Amino acid sequence: DEFAQKDARIRVIHKENGGVADARNVGIEACTGEYVSFVDSDDYIHPEMLAKLYDSLKQYGADVSICQYYLVDENGSITLGASFDNSITYGPITRDQVLQKLVYYKSSYFVVVWNKLFKKDLFSQVRFPRGRILEDAYVLHRLLGQCEKIVCMQDALYYYLQRSNSIMYNVRTGHMMDPCLNLVEIMLDWMQYLKSIRKNEYAAVAYRRGVFSLYTAFTYRFQTKQTK
């Protein structure tokens, strides 16, 4: 509220806590500009992140621009988020290329929304699902699937805070079963969407990843019961 009083461009929305997806959806509905970006409450960004994403998007005539990111642990140590990720091709890429990277690789560079600047029009028929873990993965294929061009930047401009008790930390370290079941639902949705746009090869890969996620979920549950 204090910042909104100082700058008319800032708009503050007061609402009951309905989770990340609900907050994002309310923001999308309230947005009056041409572009949308997301920053999670624990994280922070480089002062020039949005300017650089915007300049890159305009330079290449892209629909989405993506930047690298840093991982920040609870002690303040910072590491590059996707430093060894060979799936990233910096510069402009096509819709087919980005869908291929979404399906074949597990890079958070592509499957999260917080390191990106989107044209708002991409959200005309897309909203985040409420009550889901990994809500980004439910929408990224539908957003990037609308794009003619996506531009990938090497600059690390987003700082993602990792907490040891967070959902995403437990997903990455394999200490939570529910996200595996969520991944089954996500992969099946990806499969249906990819088939609808005639990307049958990618749809088959999504199906196999869904089956593997289901296997992982029940293996984890069995191992957990055995150790109790």
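For the single chain, residues carry numbers from 1 onward in sequence order. Just so it is clear, the model here is predicted, and its values are computed rather than measured.
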Under the 3.5 angstrom rule, does the side chain of [X] hit a backbone N or O of [Y] as a donor-acceptor pair?
{"X": "Q146", "Y": "L122", "answer": "yes"}
{"X": "N115", "Y": "C67", "answer": "yes"}
{"X": "N25", "Y": "A21", "answer": "yes"}
{"X": "D63", "Y": "E148", "answer": "yes"}
{"X": "N75", "Y": "S77", "answer": "no"}

Are [X] and [Y] connected, step by step, through hydrophobic side chains (Ile, Leu, Val, Met, Phe, Trp, Tyr) whose heavy atoms are closer than 4.5 Å?
{"X": "L140", "Y": "V20", "result": "no"}
{"X": "V151", "Y": "L143", "result": "no"}
{"X": "V26", "Y": "F118", "result": "no"}

Got a sec, which residues hit side-chain contact (heavy atoms from CB on, under 4.5 Å) with [X], two or more places apart in sequence or on another chain?
{"X": "A23", "result": "none"}
{"X": "D7", "result": "R9, I10"}
{"X": "P92", "result": "Y60, K149"}
{"X": "K6", "result": "E2"}

Closest non-hydrogen atom pair, [X] against [Y]:
{"X": "K101", "Y": "F110", "value": "CD-CZ, 3.3 Å"}
{"X": "L80", "Y": "A156", "value": "CD1-CB, 3.7 Å"}
{"X": "A137", "Y": "W190", "value": "O-NE1, 2.8 Å"}
{"X": "M187", "Y": "A206", "value": "CB-O, 3.3 Å"}
{"X": "F128", "Y": "E135", "value": "CD2-O, 4.0 Å"}
{"X": "M153", "Y": "Y109", "value": "O-OH, 3.0 Å"}

Listed pairs under 3.5 Å, donor-acceptor, residues 93-100 side chains, sequence neighbours left out:
unit_1, atom_1, unit_2, atom_2, d
T94, OG1, Q97, N, 3.3
T94, OG1, Q97, OE1, 3.3
R95, NH1, G145, O, 3.0
D96, OD1, K199, NZ, 2.8
D96, OD1, Y202, OH, 3.4
D96, OD2, Y202, OH, 3.2
Q97, OE1, T94, N, 2.8

What's the spacing between M191 CE and I186 CD1 if we round to 0.5 Å?
-> 14.0 Å
Separation between OH of Y138 and CZ of R132, rounded to the nearest 0.5 Å | 5.0 Å
Scan side-chain atoms only and decide if Y160 and S108 contain a donor-acceptor pair under the 3.5 Å cut-off.
-> no
Set of residues satisfying side chain to side chain donor-acceptor pair (under 3.5 Å) with respect to [X], sequence neighbours excluded:
{"X": "D155", "answer": "none"}
{"X": "T79", "answer": "none"}
{"X": "D136", "answer": "R24"}
{"X": "R130", "answer": "none"}

Side-chain contact, heavy-atom cut-off 4.5 Å: L194 with N200?
-> no
Chi angles and distances behind the side-chain contact (heavy atoms from CB on, under 4.5 Å) call for Q68, I88 | CA-CA 10 Å; Q68 264 284 14; I88 303 172; 3.9 Å; yes
When you look at L71 and Y159, which way does the side-chain contact (heavy atoms from CB on, under 4.5 Å) test go after all the steps?
-> CA-CA 6 Å; L71 297 174; Y159 295 79; over 6 Å; no
Distance-only check: which donor-acceptor pairs under 3.5 Å involve side-chain atoms of residues 28-39, not counting sequence neighbours?
unit_1, atom_1, unit_2, atom_2, d
E29, OE2, R127, NE, 3.0
E29, OE2, R127, NH2, 2.9
S37, OG, K116, O, 2.9

According to the ring-ring contact (aromatic ring centres under 6.0 Å, His included) rule, which pairs have a member within residues 2-33, sequence neighbours left out?
-> none
With a 3.5 Å cut-off and sequence neighbours excluded, list the donor-acceptor pairs that the side chains of residues 41-58 form with protein atoms.
unit_1, atom_1, unit_2, atom_2, d
D42, OD2, R163, NE, 3.4
D43, OD1, L161, N, 3.0
D43, OD2, Y158, OH, 2.7
H46, ND1, E48, N, 2.9

So does K119 have more than 12 non-hydrogen atoms from other groups sitting under 6.0 Å from NZ?
-> yes
